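Have a look at the structure below, then the notes.
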2 protein chains.
Amino acid sequence: MQADERRHRVLEFVRMSGGFASLPQLAKELGVSESTIRRDLDVLEESGVARRTHGGVFYAGGAPQLPAFELREPEQWAKKHAIAQAAAQLIHDGDTIFFDGGSTTYELARLLVGRPLQVVTNSLPVANLFAANAYADLNLVGGYVYPRTGVALGPHAVEMIGRLNVRRSILSTAGITERGFYNSNLLLIEAEQAMIDAADEVIVVADSTKFGCQSLAQLCGWDAVQTVVVDDGLSDEWRERIESFDTQLVVAPTNSEFSNAS
Amino acid sequence: MQADERRHRVLEFVRMSGGFASLPQLAKELGVSESTIRRDLDVLEESGVARRTHGGVFYAGGAPQLPAFELREPEQWAKKHAIAQAAAQLIHDGDTIFFDGGSTTYELARLLVGRPLQVVTNSLPVANLFAANAYADLNLVGGYVYPRTGVALGPHAVEMIGRLNVRRSILSTAGITERGFYNSNLLLIEAEQAMIDAADEVIVVADSTKFGCQSLAQLCGWDAVQTVVVDDGLSDEWRERIESFDTQLVVAPTNSEFSNAS
DNA sequence: CAATTCGTGATTGAAAACAATCATCAGTTT
DNA sequence: AAACTGATGATTGTTTTCAATCACGAATTG
(Lines give C-alpha, C1' and ligand atoms only; values in the text may rest on other atoms or scores of the structure.)
Protein backbone atom coordinates (compact mmCIF):
# COMPACT_ATOMS: atom_id res chain seq x y z
CA MET A 1 0.00 0.00 0.00
CA GLN A 2 1.72 3.12 -1.12
CA ALA A 3 -1.23 5.32 -0.36
CA ASP A 4 -0.16 5.82 3.22
CA GLU A 5 3.34 6.64 2.18
CA ARG A 6 2.05 9.20 -0.25
CA ARG A 7 -0.10 10.82 2.40
CA HIS A 8 2.87 11.19 4.63
CA ARG A 9 4.68 12.87 1.79
CA VAL A 10 1.73 15.18 1.35
CA LEU A 11 2.01 16.24 4.96
CA GLU A 12 5.75 16.56 4.66
CA PHE A 13 5.38 18.81 1.67
CA VAL A 14 2.77 20.95 3.35
CA ARG A 15 5.08 21.38 6.28
CA MET A 16 8.01 22.32 4.12
CA SER A 17 5.90 24.87 2.33
CA GLY A 18 5.29 26.75 5.53
CA GLY A 19 1.98 25.24 6.48
CA PHE A 20 0.08 25.39 3.25
CA ALA A 21 0.14 23.83 -0.18
CA SER A 22 -2.17 24.12 -3.13
CA LEU A 23 -3.77 21.18 -4.77
CA PRO A 24 -1.99 21.52 -8.14
CA GLN A 25 1.32 21.93 -6.32
CA LEU A 26 0.80 18.68 -4.50
CA ALA A 27 -0.34 16.84 -7.59
CA LYS A 28 2.73 17.93 -9.48
CA GLU A 29 5.10 17.30 -6.60
CA LEU A 30 3.93 13.76 -6.01
CA GLY A 31 3.31 12.93 -9.63
CA VAL A 32 -0.28 11.88 -9.22
CA SER A 33 -3.56 13.34 -10.36
CA GLU A 34 -5.46 15.99 -8.54
CA SER A 35 -8.23 13.52 -7.96
CA THR A 36 -5.92 11.33 -5.95
CA ILE A 37 -4.68 14.26 -3.96
CA ARG A 38 -8.24 15.27 -3.25
CA ARG A 39 -8.99 11.86 -1.91
CA ASP A 40 -5.85 11.92 0.19
CA LEU A 41 -6.82 15.26 1.61
CA ASP A 42 -10.20 13.90 2.56
CA VAL A 43 -8.49 11.13 4.48
CA LEU A 44 -6.06 13.50 6.15
CA GLU A 45 -8.80 15.87 7.13
CA GLU A 46 -10.82 13.00 8.47
CA SER A 47 -7.95 12.05 10.74
CA GLY A 48 -7.55 15.63 11.84
CA VAL A 49 -3.98 16.38 10.86
CA ALA A 50 -4.78 18.67 7.97
CA ARG A 51 -7.56 20.99 7.07
CA ARG A 52 -8.86 21.58 3.60
CA THR A 53 -9.62 24.90 2.09
CA HIS A 54 -10.81 25.82 -1.34
CA GLY A 55 -7.69 25.20 -3.31
CA GLY A 56 -5.42 23.40 -0.93
CA VAL A 57 -4.63 22.13 2.50
CA PHE A 58 -3.06 23.66 5.49
CA TYR A 59 -1.46 22.01 8.39
CA ALA A 60 -3.61 21.62 11.45
CA GLY A 61 -1.34 19.80 13.85
CA GLY A 62 -1.35 21.34 17.27
CA ALA A 63 2.41 21.80 17.25
CA PRO A 64 3.39 24.25 14.57
CA GLN A 65 5.62 22.42 12.19
CA LEU A 66 7.47 19.69 13.90
CA PRO A 67 6.95 16.41 12.11
CA ALA A 68 6.94 14.33 15.26
CA PHE A 69 3.40 15.40 15.92
CA GLU A 70 2.07 14.75 12.48
CA LEU A 71 1.08 11.19 12.29
CA ARG A 72 -1.54 10.86 14.88
CA GLU A 73 -3.19 7.64 14.17
CA PRO A 74 -6.54 8.16 15.82
CA GLU A 75 -6.19 5.04 17.92
CA GLN A 76 -2.76 5.94 19.25
CA TRP A 77 -3.88 9.44 19.91
CA ALA A 78 -6.84 8.31 21.98
CA LYS A 79 -4.46 6.39 24.20
CA LYS A 80 -2.14 9.32 24.59
CA HIS A 81 -5.00 11.62 25.39
CA ALA A 82 -6.35 9.25 28.02
CA ILE A 83 -2.92 8.95 29.57
CA ALA A 84 -2.55 12.70 29.62
CA GLN A 85 -5.90 13.14 31.32
CA ALA A 86 -5.02 10.68 34.03
CA ALA A 87 -1.60 12.22 34.53
CA ALA A 88 -3.09 15.70 34.78
CA GLN A 89 -4.76 14.65 38.01
CA LEU A 90 -1.38 13.99 39.55
CA ILE A 91 -0.35 17.61 39.10
CA HIS A 92 -1.25 20.18 41.71
CA ASP A 93 -1.54 23.92 41.35
CA GLY A 94 1.68 25.62 42.22
CA ASP A 95 3.84 22.62 41.39
CA THR A 96 7.11 23.02 39.61
CA ILE A 97 6.97 20.64 36.67
CA PHE A 98 9.61 19.55 34.20
CA PHE A 99 8.23 18.50 30.83
CA ASP A 100 10.25 16.24 28.63
CA GLY A 101 9.64 16.13 24.87
CA GLY A 102 7.34 13.62 23.24
CA SER A 103 3.77 13.59 22.06
CA THR A 104 2.24 12.27 25.26
CA THR A 105 3.96 14.82 27.47
CA TYR A 106 2.84 17.42 24.96
CA GLU A 107 -0.75 16.33 25.32
CA LEU A 108 -0.42 16.56 29.07
CA ALA A 109 1.05 20.03 28.82
CA ARG A 110 -1.87 21.07 26.66
CA LEU A 111 -4.27 20.00 29.36
CA LEU A 112 -2.38 21.99 31.97
CA VAL A 113 -2.35 25.31 30.16
CA GLY A 114 -4.15 27.80 32.34
CA ARG A 115 -3.19 26.15 35.61
CA PRO A 116 -0.90 28.09 37.93
CA LEU A 117 2.37 26.23 37.58
CA GLN A 118 6.08 26.69 37.39
CA VAL A 119 6.96 25.09 34.09
CA VAL A 120 10.41 23.96 33.04
CA THR A 121 10.96 22.31 29.68
CA ASN A 122 13.48 21.64 26.98
CA SER A 123 10.73 21.10 24.43
CA LEU A 124 9.98 23.92 22.06
CA PRO A 125 6.38 22.85 21.38
CA VAL A 126 5.67 22.70 25.10
CA ALA A 127 7.32 26.05 25.65
CA ASN A 128 5.08 27.57 23.01
CA LEU A 129 2.04 26.41 24.92
CA PHE A 130 3.04 28.30 28.03
CA ALA A 131 4.92 31.23 26.55
CA ALA A 132 1.96 33.57 26.38
CA ASN A 133 0.23 32.22 29.42
CA ALA A 134 -0.10 34.57 32.32
CA TYR A 135 -0.77 31.89 34.91
CA ALA A 136 2.39 29.89 34.49
CA ASP A 137 6.00 30.89 34.80
CA LEU A 138 8.11 29.36 32.09
CA ASN A 139 11.74 28.39 32.30
CA LEU A 140 13.27 27.19 29.11
CA VAL A 141 16.22 24.83 28.95
CA GLY A 142 18.67 25.77 26.26
CA GLY A 143 20.89 23.67 24.06
CA TYR A 144 21.13 22.27 20.59
CA VAL A 145 17.63 21.91 19.22
CA TYR A 146 17.07 18.54 17.69
CA PRO A 147 15.28 19.27 14.44
CA ARG A 148 12.87 16.38 14.30
CA THR A 149 11.43 16.76 17.76
CA GLY A 150 12.13 20.36 18.71
CA VAL A 151 13.83 19.37 21.94
CA ALA A 152 16.94 21.07 23.31
CA LEU A 153 19.72 18.61 24.11
CA GLY A 154 23.46 18.48 24.51
CA PRO A 155 25.92 19.59 27.16
CA HIS A 156 24.38 23.01 27.67
CA ALA A 157 21.03 21.43 28.32
CA VAL A 158 22.41 18.86 30.73
CA GLU A 159 24.38 21.49 32.55
CA MET A 160 21.41 23.80 32.97
CA ILE A 161 19.09 21.03 34.07
CA GLY A 162 21.69 20.09 36.65
CA ARG A 163 21.27 23.44 38.31
CA LEU A 164 17.51 23.17 38.65
CA ASN A 165 15.22 21.49 41.11
CA VAL A 166 11.63 20.58 40.36
CA ARG A 167 8.79 18.93 42.19
CA ARG A 168 7.93 16.50 39.36
CA SER A 169 9.52 15.50 36.11
CA ILE A 170 7.27 14.15 33.36
CA LEU A 171 9.24 11.83 31.12
CA SER A 172 8.45 9.89 28.00
CA THR A 173 10.22 6.74 26.96
CA ALA A 174 10.69 4.47 23.97
CA GLY A 175 10.66 1.16 25.79
CA ILE A 176 10.07 -0.46 29.17
CA THR A 177 11.25 -3.85 30.38
CA GLU A 178 11.48 -5.43 33.79
CA ARG A 179 14.98 -4.01 34.01
CA GLY A 180 13.90 -0.43 33.55
CA PHE A 181 13.32 2.29 30.97
CA TYR A 182 14.93 2.81 27.58
CA ASN A 183 15.27 5.47 24.95
CA SER A 184 16.74 5.65 21.49
CA ASN A 185 18.87 8.76 21.57
CA LEU A 186 21.95 9.07 23.70
CA LEU A 187 21.80 12.84 23.98
CA LEU A 188 18.20 12.56 25.03
CA ILE A 189 19.07 9.98 27.66
CA GLU A 190 21.72 12.23 29.12
CA ALA A 191 19.24 15.05 29.43
CA GLU A 192 16.55 12.81 30.86
CA GLN A 193 18.89 11.44 33.48
CA ALA A 194 19.54 15.01 34.55
CA MET A 195 15.79 15.57 34.74
CA ILE A 196 15.51 12.56 37.01
CA ASP A 197 18.21 13.87 39.30
CA ALA A 198 16.55 17.27 39.40
CA ALA A 199 13.14 15.99 40.46
CA ASP A 200 11.61 14.97 43.76
CA GLU A 201 9.20 12.72 41.89
CA VAL A 202 9.59 11.15 38.45
CA ILE A 203 6.46 10.39 36.43
CA VAL A 204 6.75 8.38 33.23
CA VAL A 205 3.91 8.55 30.72
CA ALA A 206 3.88 5.69 28.23
CA ASP A 207 1.30 3.83 26.22
CA SER A 208 0.97 0.10 26.70
CA THR A 209 2.74 -0.81 23.46
CA LYS A 210 6.01 0.37 24.98
CA PHE A 211 6.02 -2.40 27.57
CA GLY A 212 8.31 -5.23 26.74
CA CYS A 213 10.25 -3.20 24.18
CA GLN A 214 13.87 -2.36 24.59
CA SER A 215 15.56 0.45 22.80
CA LEU A 216 19.06 1.68 22.11
CA ALA A 217 20.19 2.44 25.62
CA GLN A 218 18.94 2.30 29.15
CA LEU A 219 17.66 5.45 30.75
CA CYS A 220 17.18 4.25 34.32
CA GLY A 221 15.91 1.40 36.45
CA TRP A 222 12.53 1.06 38.14
CA ASP A 223 13.85 2.47 41.40
CA ALA A 224 14.29 5.89 39.83
CA VAL A 225 10.64 6.19 38.82
CA GLN A 226 7.94 6.87 41.36
CA THR A 227 4.90 6.79 39.07
CA VAL A 228 4.01 5.30 35.69
CA VAL A 229 0.89 6.37 33.81
CA VAL A 230 -0.30 3.99 31.10
CA ASP A 231 -3.46 3.27 29.12
CA ASP A 232 -5.70 0.33 29.93
CA GLY A 233 -4.24 -1.85 27.21
CA LEU A 234 -1.62 -3.04 29.65
CA SER A 235 -1.57 -6.80 30.22
CA ASP A 236 -2.40 -8.24 33.66
CA GLU A 237 0.98 -9.82 33.67
CA TRP A 238 2.62 -6.43 33.55
CA ARG A 239 0.29 -4.95 36.12
CA GLU A 240 1.27 -7.65 38.56
CA ARG A 241 4.92 -7.27 37.77
CA ILE A 242 4.81 -3.56 38.47
CA GLU A 243 3.10 -4.30 41.78
CA SER A 244 6.31 -5.96 42.83
CA PHE A 245 8.33 -2.87 42.13
CA ASP A 246 8.16 0.15 44.37
CA THR A 247 6.48 2.17 41.64
CA GLN A 248 2.96 3.52 41.59
CA LEU A 249 0.89 2.46 38.58
CA VAL A 250 -1.86 4.66 37.17
CA VAL A 251 -4.03 3.06 34.49
CA ALA A 252 -5.91 5.51 32.30
CA PRO A 253 -9.29 4.30 31.03
CA THR A 254 -9.34 4.71 27.28
CA ASN A 255 -13.03 4.97 26.70
CA SER A 256 -15.00 7.49 28.60
CA GLU A 257 -15.11 7.55 32.32
CA PHE A 258 -12.40 8.52 34.67
CA SER A 259 -10.46 7.86 36.88
CA ASN A 260 -9.24 5.71 39.70
CA ALA A 261 -5.85 6.98 40.57
CA SER A 262 -4.47 5.46 43.69
CA MET B 1 -9.40 54.93 11.25
CA GLN B 2 -11.15 51.74 12.13
CA ALA B 3 -9.58 49.76 9.35
CA ASP B 4 -6.62 48.82 11.48
CA GLU B 5 -8.86 47.83 14.31
CA ARG B 6 -10.84 45.62 11.98
CA ARG B 7 -7.71 43.95 10.68
CA HIS B 8 -6.71 43.13 14.18
CA ARG B 9 -10.06 41.57 14.71
CA VAL B 10 -9.60 39.58 11.54
CA LEU B 11 -6.38 38.15 12.87
CA GLU B 12 -7.94 37.52 16.22
CA PHE B 13 -10.80 35.66 14.64
CA VAL B 14 -8.51 33.58 12.49
CA ARG B 15 -6.49 32.67 15.52
CA MET B 16 -9.58 31.76 17.49
CA SER B 17 -10.82 29.60 14.65
CA GLY B 18 -7.79 27.38 14.89
CA GLY B 19 -5.67 29.05 12.26
CA PHE B 20 -8.09 29.40 9.42
CA ALA B 21 -11.20 31.32 8.52
CA SER B 22 -13.19 31.53 5.32
CA LEU B 23 -13.93 34.76 3.61
CA PRO B 24 -17.71 34.67 4.10
CA GLN B 25 -17.19 33.78 7.76
CA LEU B 26 -15.05 36.84 8.27
CA ALA B 27 -17.42 39.10 6.37
CA LYS B 28 -20.32 37.96 8.50
CA GLU B 29 -18.39 38.06 11.75
CA LEU B 30 -17.17 41.60 11.26
CA GLY B 31 -20.27 42.88 9.56
CA VAL B 32 -18.59 44.18 6.44
CA SER B 33 -18.63 43.15 2.83
CA GLU B 34 -16.46 40.46 1.37
CA SER B 35 -14.75 43.07 -0.74
CA THR B 36 -13.52 44.81 2.36
CA ILE B 37 -12.33 41.58 3.85
CA ARG B 38 -10.49 40.80 0.65
CA ARG B 39 -8.70 44.11 0.81
CA ASP B 40 -7.86 43.54 4.44
CA LEU B 41 -6.45 40.16 3.63
CA ASP B 42 -4.29 41.69 0.94
CA VAL B 43 -2.87 44.06 3.52
CA LEU B 44 -2.35 41.32 6.07
CA GLU B 45 -0.67 39.09 3.56
CA GLU B 46 1.50 41.95 2.43
CA SER B 47 2.68 42.39 5.96
CA GLY B 48 3.30 38.70 6.31
CA VAL B 49 1.07 37.80 9.23
CA ALA B 50 -1.53 35.91 7.27
CA ARG B 51 -1.60 33.94 4.11
CA ARG B 52 -4.42 33.83 1.64
CA THR B 53 -5.81 30.76 0.01
CA HIS B 54 -8.67 30.33 -2.36
CA GLY B 55 -11.54 30.92 -0.03
CA GLY B 56 -9.96 32.25 3.11
CA VAL B 57 -6.94 33.07 5.17
CA PHE B 58 -4.83 31.13 7.51
CA TYR B 59 -2.60 32.41 10.18
CA ALA B 60 1.04 32.54 9.21
CA GLY B 61 2.60 34.22 12.18
CA GLY B 62 5.61 32.21 13.14
CA ALA B 63 4.99 33.13 16.74
CA PRO B 64 1.76 31.37 17.55
CA GLN B 65 0.19 33.45 20.21
CA LEU B 66 2.50 36.11 21.39
CA PRO B 67 0.50 39.26 21.04
CA ALA B 68 3.55 41.43 20.68
CA PHE B 69 3.87 40.47 17.06
CA GLU B 70 0.32 40.81 16.02
CA LEU B 71 -0.25 44.48 15.87
CA ARG B 72 2.06 45.68 13.23
CA GLU B 73 1.25 49.15 12.25
CA PRO B 74 1.82 49.12 8.52
CA GLU B 75 4.04 52.16 8.50
CA GLN B 76 6.31 50.93 11.23
CA TRP B 77 6.31 47.54 9.66
CA ALA B 78 7.44 48.86 6.30
CA LYS B 79 10.44 50.38 8.02
CA LYS B 80 11.22 47.23 9.89
CA HIS B 81 10.88 45.18 6.77
CA ALA B 82 13.18 47.45 4.83
CA ILE B 83 15.73 47.32 7.62
CA ALA B 84 15.52 43.56 7.71
CA GLN B 85 16.06 43.31 3.98
CA ALA B 86 19.12 45.49 4.12
CA ALA B 87 20.49 43.61 7.09
CA ALA B 88 19.92 40.27 5.37
CA GLN B 89 22.56 41.23 2.85
CA LEU B 90 25.12 41.48 5.62
CA ILE B 91 24.64 37.82 6.49
CA HIS B 92 26.60 35.18 4.64
CA ASP B 93 25.80 31.51 4.24
CA GLY B 94 27.46 29.47 6.90
CA ASP B 95 27.64 32.31 9.40
CA THR B 96 26.93 31.76 13.04
CA ILE B 97 24.32 34.32 14.00
CA PHE B 98 22.90 35.33 17.35
CA PHE B 99 19.39 36.73 17.17
CA ASP B 100 18.14 38.95 19.94
CA GLY B 101 14.42 39.35 20.54
CA GLY B 102 12.41 42.19 19.03
CA SER B 103 10.20 42.59 16.01
CA THR B 104 12.89 43.83 13.66
CA THR B 105 15.27 41.00 14.43
CA TYR B 106 12.31 38.68 14.00
CA GLU B 107 11.67 40.09 10.54
CA LEU B 108 15.28 39.56 9.66
CA ALA B 109 15.14 35.99 10.89
CA ARG B 110 12.10 35.38 8.73
CA LEU B 111 14.02 36.48 5.69
CA LEU B 112 16.88 34.15 6.52
CA VAL B 113 14.85 30.97 6.92
CA GLY B 114 16.11 28.51 4.38
CA ARG B 115 19.66 29.82 4.34
CA PRO B 116 22.39 27.54 5.65
CA LEU B 117 23.24 29.14 8.98
CA GLN B 118 24.15 28.36 12.52
CA VAL B 119 21.47 30.10 14.50
CA VAL B 120 21.65 30.95 18.18
CA THR B 121 18.80 32.76 19.87
CA ASN B 122 17.07 33.37 23.15
CA SER B 123 13.85 34.34 21.38
CA LEU B 124 11.13 31.74 21.24
CA PRO B 125 9.49 33.18 18.12
CA VAL B 126 12.79 33.16 16.28
CA ALA B 127 13.52 29.64 17.45
CA ASN B 128 10.19 28.50 16.06
CA LEU B 129 11.15 29.81 12.67
CA PHE B 130 14.23 27.65 12.49
CA ALA B 131 13.16 24.65 14.56
CA ALA B 132 11.89 22.57 11.70
CA ASN B 133 14.29 23.90 9.13
CA ALA B 134 16.74 21.39 7.78
CA TYR B 135 19.19 23.97 6.48
CA ALA B 136 19.97 25.71 9.72
CA ASP B 137 21.31 24.38 12.99
CA LEU B 138 19.54 25.88 15.94
CA ASN B 139 20.95 26.50 19.39
CA LEU B 140 18.52 27.75 21.92
CA VAL B 141 19.49 29.83 24.92
CA GLY B 142 17.59 28.85 28.02
CA GLY B 143 16.41 30.90 30.93
CA TYR B 144 13.32 32.50 32.36
CA VAL B 145 10.96 33.26 29.50
CA TYR B 146 9.63 36.75 29.66
CA PRO B 147 5.92 36.38 28.95
CA ARG B 148 5.27 39.41 26.84
CA THR B 149 8.10 38.98 24.39
CA GLY B 150 8.92 35.30 24.56
CA VAL B 151 12.59 35.93 25.22
CA ALA B 152 14.70 33.88 27.62
CA LEU B 153 16.55 36.02 30.16
CA GLY B 154 18.09 35.79 33.59
CA PRO B 155 21.25 34.28 35.03
CA HIS B 156 20.97 30.99 33.19
CA ALA B 157 20.68 32.80 29.89
CA VAL B 158 23.63 35.08 30.62
CA GLU B 159 25.71 32.18 31.75
CA MET B 160 24.99 30.11 28.65
CA ILE B 161 25.57 32.99 26.28
CA GLY B 162 28.89 33.53 28.00
CA ARG B 163 30.03 30.13 26.85
CA LEU B 164 29.21 30.71 23.20
CA ASN B 165 31.00 32.44 20.37
CA VAL B 166 29.27 33.70 17.26
CA ARG B 167 30.27 35.49 14.11
CA ARG B 168 27.58 38.15 14.34
CA SER B 169 25.07 39.23 16.94
CA ILE B 170 21.90 40.97 15.76
CA LEU B 171 20.61 43.24 18.49
CA SER B 172 17.61 45.45 18.84
CA THR B 173 17.46 48.51 21.05
CA ALA B 174 14.97 50.90 22.57
CA GLY B 175 17.01 54.09 22.20
CA ILE B 176 20.16 55.51 20.69
CA THR B 177 22.00 58.68 21.66
CA GLU B 178 25.46 59.99 20.93
CA ARG B 179 26.61 58.24 24.07
CA GLY B 180 25.47 54.82 22.95
CA PHE B 181 22.62 52.37 23.02
CA TYR B 182 19.85 51.93 25.58
CA ASN B 183 17.22 49.44 26.56
CA SER B 184 14.39 49.37 29.02
CA ASN B 185 14.80 46.06 30.81
CA LEU B 186 17.73 45.32 33.03
CA LEU B 187 17.60 41.58 32.57
CA LEU B 188 17.52 42.12 28.85
CA ILE B 189 20.52 44.41 29.01
CA GLU B 190 22.50 41.84 30.92
CA ALA B 191 21.77 39.23 28.28
CA GLU B 192 22.51 41.61 25.44
CA GLN B 193 25.83 42.57 26.93
CA ALA B 194 26.72 38.90 26.97
CA MET B 195 25.70 38.68 23.31
CA ILE B 196 28.04 41.54 22.53
CA ASP B 197 30.91 39.82 24.28
CA ALA B 198 30.19 36.59 22.45
CA ALA B 199 30.25 38.10 18.97
CA ASP B 200 33.00 39.03 16.54
CA GLU B 201 30.71 41.63 14.98
CA VAL B 202 27.74 43.38 16.56
CA ILE B 203 24.94 44.57 14.28
CA VAL B 204 22.19 46.76 15.70
CA VAL B 205 18.93 47.02 13.78
CA ALA B 206 16.83 50.03 14.72
CA ASP B 207 14.32 52.27 13.02
CA SER B 208 15.01 55.95 12.79
CA THR B 209 12.56 56.91 15.54
CA LYS B 210 14.89 55.33 18.08
CA PHE B 211 17.60 57.92 17.48
CA GLY B 212 17.77 60.58 20.09
CA CYS B 213 15.77 58.56 22.60
CA GLN B 214 17.20 57.38 25.86
CA SER B 215 15.76 54.55 27.83
CA LEU B 216 16.06 53.06 31.26
CA ALA B 217 19.65 51.96 31.20
CA GLN B 218 22.62 51.96 28.94
CA LEU B 219 23.46 48.83 27.01
CA CYS B 220 26.79 49.83 25.51
CA GLY B 221 28.69 52.61 23.82
CA TRP B 222 29.30 53.17 20.13
CA ASP B 223 32.64 51.42 20.25
CA ALA B 224 30.98 48.09 20.95
CA VAL B 225 28.87 48.18 17.78
CA GLN B 226 30.39 47.59 14.37
CA THR B 227 27.31 48.10 12.20
CA VAL B 228 23.97 49.88 12.52
CA VAL B 229 21.14 49.24 10.08
CA VAL B 230 18.44 51.90 9.96
CA ASP B 231 15.66 53.05 7.65
CA ASP B 232 16.02 56.11 5.44
CA GLY B 233 14.08 58.33 7.81
CA LEU B 234 17.31 59.10 9.61
CA SER B 235 18.22 62.78 9.73
CA ASP B 236 21.35 64.07 7.96
CA GLU B 237 22.55 65.34 11.29
CA TRP B 238 22.61 61.82 12.66
CA ARG B 239 24.20 60.41 9.53
CA GLU B 240 27.07 62.82 9.90
CA ARG B 241 27.38 62.15 13.57
CA ILE B 242 27.67 58.41 13.00
CA GLU B 243 30.35 59.09 10.41
CA SER B 244 32.48 60.41 13.22
CA PHE B 245 32.15 57.16 15.14
CA ASP B 246 33.95 54.06 14.09
CA THR B 247 30.65 52.38 13.23
CA GLN B 248 29.43 51.38 9.80
CA LEU B 249 26.04 52.81 8.85
CA VAL B 250 23.65 50.97 6.53
CA VAL B 251 20.60 52.95 5.44
CA ALA B 252 17.73 50.82 4.16
CA PRO B 253 15.61 52.41 1.42
CA THR B 254 12.00 52.27 2.53
CA ASN B 255 10.31 52.37 -0.81
CA SER B 256 11.20 49.93 -3.48
CA GLU B 257 14.67 49.54 -4.76
CA PHE B 258 17.60 47.94 -3.08
CA SER B 259 20.35 48.20 -1.98
CA ASN B 260 23.61 50.01 -1.47
CA ALA B 261 25.21 48.44 1.50
CA SER B 262 28.74 49.58 2.07
C1' DC C 1 -18.41 75.86 0.17
C1' DA C 2 -16.34 72.99 -3.42
C1' DA C 3 -12.97 69.53 -4.46
C1' DT C 4 -10.47 65.72 -3.31
C1' DT C 5 -9.20 61.63 -1.17
C1' DC C 6 -10.06 57.45 1.04
C1' DG C 7 -12.60 53.58 2.50
C1' DT C 8 -16.47 50.89 1.50
C1' DG C 9 -20.16 47.99 -0.91
C1' DA C 10 -22.01 46.09 -5.09
C1' DT C 11 -21.58 44.11 -9.69
C1' DT C 12 -19.58 41.47 -13.41
C1' DG C 13 -17.07 38.37 -16.47
C1' DA C 14 -13.29 35.19 -16.06
C1' DA C 15 -10.98 31.61 -13.81
C1' DA C 16 -10.59 27.96 -10.50
C1' DA C 17 -12.03 24.30 -7.66
C1' DC C 18 -15.51 21.13 -6.38
C1' DA C 19 -18.18 16.66 -6.30
C1' DA C 20 -19.67 13.05 -9.03
C1' DT C 21 -19.10 9.83 -12.47
C1' DC C 22 -16.88 6.60 -15.48
C1' DA C 23 -13.03 3.84 -17.45
C1' DT C 24 -8.79 1.54 -16.71
C1' DC C 25 -5.60 -1.43 -14.47
C1' DA C 26 -3.35 -4.40 -10.97
C1' DG C 27 -3.80 -7.70 -7.51
C1' DT C 28 -6.70 -11.04 -5.43
C1' DT C 29 -10.31 -14.33 -5.04
C1' DT C 30 -13.45 -17.83 -6.77
C1' DA D 1 -9.56 -18.26 -16.45
C1' DA D 2 -13.23 -15.21 -14.88
C1' DA D 3 -14.89 -12.17 -11.50
C1' DC D 4 -14.16 -9.08 -7.98
C1' DT D 5 -12.06 -5.38 -5.35
C1' DG D 6 -9.54 -1.26 -4.69
C1' DA D 7 -6.91 2.47 -6.31
C1' DT D 8 -6.15 5.68 -9.82
C1' DG D 9 -6.77 9.19 -13.69
C1' DA D 10 -9.71 11.67 -16.73
C1' DT D 11 -13.96 14.18 -17.71
C1' DT D 12 -18.18 16.66 -16.89
C1' DG D 13 -21.27 20.31 -15.33
C1' DT D 14 -21.97 23.06 -11.29
C1' DT D 15 -20.59 26.04 -7.79
C1' DT D 16 -17.46 29.15 -5.79
C1' DT D 17 -14.01 32.53 -5.72
C1' DC D 18 -11.24 36.00 -7.85
C1' DA D 19 -9.76 40.53 -9.68
C1' DA D 20 -11.36 44.59 -11.67
C1' DT D 21 -14.45 48.19 -11.94
C1' DC D 22 -17.89 51.53 -10.64
C1' DA D 23 -20.68 54.21 -7.42
C1' DC D 24 -21.62 56.12 -2.97
C1' DG D 25 -20.54 58.56 1.39
C1' DA D 26 -17.52 60.53 4.94
C1' DA D 27 -13.71 62.98 6.21
C1' DT D 28 -10.19 66.05 4.85
C1' DT D 29 -8.32 69.83 2.19
C1' DG D 30 -8.09 74.06 -0.38
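As the structure is a prediction and not an experimental result, all values here were calculated from the model. Letters go in sequence order (proteins before strands), and every chain restarts at 1. Values below: all heavy atoms of this structure, side chains included; hydrogens, waters and symmetry mates excluded.
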Nearest-angstrom distance from the residue atom CD of A:E34 to C1' of D:dT8 = 14 Å
key: Atom pair distance, as rounded to whole Å: CG in B:L26 and C1' in D:dC18   = 16 Å
ask   = On a plain distance test, is the side chain of A:R39 in donor-acceptor contact with the base of D:dG9 below 3.5 Å?
value = yes
query = Under 4.0 angstrom, heavy atoms only, what part of the nucleic acid is A:S22 near: base, sugar-phosphate, or nothing?
reply = nothing
ask   = NZ of A:K210 to CG of A:D231: how many Å apart, nearest 0.5 Å?
value = 10.0 Å
key: Separation of D:dG9 P from A:L23 CG (nearest whole Å)   = 13 Å
request  = Take atom CD1 of B:I37 and atom P of C:dG9, then tell me their distance rounded to the nearest Å.
outcome  = 9 Å
ask   = Is there a side-chain contact between B:V230 and B:D207 (heavy atoms, below 4.5 Å)?
value = no
remark   = Taking D:dT11, C:dT11, D:dT8 as options, the one with an atom nearest any side-chain atom of B:S35 is C:dT11
remark   = A:K28 atom NZ is separated from D:dG9 atom P, nearest whole Å, by 17 Å
task = Using whole Å, report how far CZ of B:R7 lies from P of C:dG7.
result = 8 Å
task = Can you see which heavy atom on B:T53 is nearest to which on A:H54, and at what distance?
result = OG1-O, 4.2 Å
ask   = Which of the following nucleotides, D:dA19, D:dT17, C:dA19, is nearest to the side chain of B:R52?
value = D:dA19
request  = Check the distance between C:dA17's P and B:H54's NE2 and give it to me in whole angstrom.
outcome  = 5 Å
request  = Please confirm whether the backbone N or O of A:L26 pairs with a side-chain atom of A:E29, one donor and one acceptor, at under 3.5 Å?
outcome  = no
ask   = Nearest-Å distance, CG (A:D40) to C1' (C:dA19)?
value = 16 Å
query = Among the nucleotides D:dA10, D:dC18, C:dC18, which one has an atom lying closest to any side-chain atom of A:R38?
reply = C:dC18
